[in-house]
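This report refers to the structure that appears directly beneath it.
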Amino acid sequence: MTTRQIDRIIEMAWEDRTPFEAIEYQFGLKENDVREVMRTNLKRSSFELWRKRVKGRKTKHQKTSSANRFRSQNQKL
């Protein structure tokens, strides 16, 4: 993966309303793969803060989220 792709994955992972399914659709990474990207590219404290924030968050999974926000036609998902 390029640095630009990794940066985008990290950005999407930090966004509350971007589900893991969107990351999987765009980059082919499952939730565990995203976790690994975050673990290897963030400082330990930042990774732990992210995990605490994401753990159990309903909006990070499309099945449990009622979030329906605007998407640009240029977005893949």
Practice task
Might you work through the side chain to side chain contact (heavy atoms under 4.5 Å, CB included) test for Arg35 and Arg51, ending with a clear yes or no?
Solution key: CA-CA 8 Å; Arg35 237 184 264 146; Arg51 280 300 297 146; 3.3 Å; yes
Exercise for the section: I would like to know whether Arg8 and Arg4 meet side chain to side chain contact (heavy atoms under 4.5 Å, CB included); could you show each step before the answer? Expected result: CA-CA 6 Å; Arg8 182 62 183 137; Arg4 189 173 187 170; 6.0 Å; no
Exercise for the section: Apply side chain to side chain contact (heavy atoms under 4.5 Å, CB included) to Val54 and Trp14, showing your working. Expected result: CA-CA 8 Å; Val54 170; Trp14 270 103; over 6 Å; no
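Between the Asp33 side chain and the Lys30 main chain, a donor and an acceptor come within less than 3.5 Å of each other. A distance-only check finds a donor-acceptor pair linking the side chain of Thr40 to the backbone of Glu36 [under 3.5 Å]. Using a distance-only test at 3.5 Å, with no hydrogens or angles considered, no donor-acceptor pair links the side chain of Gln26 to the main chain of Ile23. Side chain of Thr18 to main chain of Glu15: no donor-acceptor pair is present (N/O by atom type, distance under 3.5 Å, no hydrogens or angles).
Nearest heavy atom pair, residue Met1 against residue Gln5, reads CA-OE1, 3.4 Å. The two residues Val34 and Phe20 make their nearest non-hydrogen contact at CG1-CE2, 4.0 Å.
Ile6 contributes atom CD1, which lies 14.0 Å from atom CD of Glu11 (distance to the nearest 0.5 angstrom). Interatomic distance, CE of Met38 versus CH2 of Trp50, reported as 5.0 Å (0.5 Å rounding). Note that OG of Ser46 is 11.5 Å distant from CG of Asn41, once rounded to the nearest 0.5 Å.
The pair Lys52-Glu48 does not count as a salt bridge, with every side-chain nitrogen at least 4.0 angstrom from each carboxylate oxygen.
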